[in-house]
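The block underneath contains the structure these notes are about, expressed in structure tokens.
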Amino acid sequence: MSNKRGLFDKRFCDFVRKNFKEGAVVCLTGAGISNESSIPTFRGKGGLWEKYDPGMYASMDGLVSVFRKNPKDLVDFVSDFYGVLLKAKANPAHISLAALEKVGIVKAIITQNIDSLHQRAGSRSVVELHGNSFRIRCSDCGSKLSLEINRAKEMVSLFEKNSGSRIKLLKIMSRYCPRCSKCGGRYRTDIVLFGEQLPAEELKLAYKLLSGCKCLLVIGSSLVVYPAASLPLYAKERGAKLIEINSEPSALSDIFDYKIMGKAGDILPEIARLLI
Ligand code: OAD
Ligand code: ZN
């Protein structure tokens, strides 16, 4: 063990000091990095999909049918989902990545998260593969608008107050997801739901970043959702070294060069300390 808190062995410390240079590191993050910001992950104990069946709650068709059957169930989901997002603050893991970007070591973060916490921690180069829960997008022309936190709070509170009335809930939805002034299409959440395509520009940018990176740091992802889960192998085939930071092994742990098991909020500040 060669770092102060004994989290890493000498081989890993040497690797980091030698290779984490200007622009060498790209990160791929998943729900685990935001777990210490009190946002539950999707899978595993206490995960969102333990409480809500993703077969129903992770797709647009599913959500529509939940609303038709019992609007209160949809309100409970929206309230749980946004409730934690609205309260969450960036944690030491997000903050360390932002600091490593500031000194030029981290080139970009490719994230599957939709919580804006990387940006709130100060990261600038963030590629959002699965959209953002604080944004809405026109279903027809794709134009985007931000859904400010206060507006999102107001929306959730109106949902909760009117959970018994389908008509009122529909009115609230059309107020917060209005018609597009450019094409007349309807706005919807800018989160990529199951069965939907990832945003093409973001995916293209992710591939470009991974083609040129020396090290890919994969933090807090189970690596079971594709195409995001295919990105580590894509980077490895192009010469990148792969490092996994996770509280337990992911589905693809075997392909990693270094596996650091533990909480992102403990490990990333310690990596930053080795370098800054
Ligand atoms: P998952 O919930 O599938 O996995 C979270 C991972 O984080 C697990 O591997 C945990 O072991 C790990 N973990 C939990 N707490 C941690 C901590 N404090 N530090 C480090 N690791 C920790 O989340 P994702 O892999 O991000 O899709 O899920 C991928 C996609 O599935 C999500 O983007 C979402 C979901 O359905 C969409 O919204 C489209
Ligand atoms: Zn439009």
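Start at 1 and go down the list; that is how both ligands and their atoms are numbered.
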Nearest non-hydrogen atom to atom 22 (C) of ligand 1 belongs to which of P249, G46, S247, A264?
S247
Between R188 and E196, does any side-chain N to carboxylate O distance fall below 4.0 Å?
yes
Charged N to carboxylate O below 4.0 Å: is that the case for K69 and D73?
no
The Zn ion (ligand 2) as vertex, arms to SG of C141 and SG of C180: angle to 10°?
110°
So, are E22 and K107 salt-bridged, with charged N and O less than 4.0 Å apart?
no
Quick one: is the NZ or CZ of R11 closer than 6.0 Å to the six-membered ring centre of F15, and within 45° of its axis?
no
Where do N132 and S116 land on the side-chain hydrogen bond (donor to acceptor under 3.5 Å, both in side chains) test, with the steps shown first?
CA-CA 7 Å; N132 189 302; S116 282; 2.9 Å; yes
Within the structure, is a non-hydrogen atom of G262 found at a distance of less than 4.0 Å from ligand 1?
yes
Proximity to ligand 1 by part of Q112, non-hydrogen separation under 4.0 Å
both
Does only the side chain of V225 get under 4.0 Å from ligand 1, or the backbone, or both, or neither? Count heavy atoms.
side chain
Angle subtended at the Zn ion (ligand 2) by SG of C138 and SG of C183, nearest 10°:
100°
So which protein heavy atom does atom 28 (O) of ligand 1 come closest to, and at what separation?
R43 NH1, 3.2 Å
Return yes or no for this condition: an N or O of K263 is under 3.5 Å from an N or O of ligand 1.
no
Is the shortest distance from a Lys or Arg side-chain nitrogen in D257 or K236 to a carboxylate oxygen in the other one below 4.0 Å?
yes
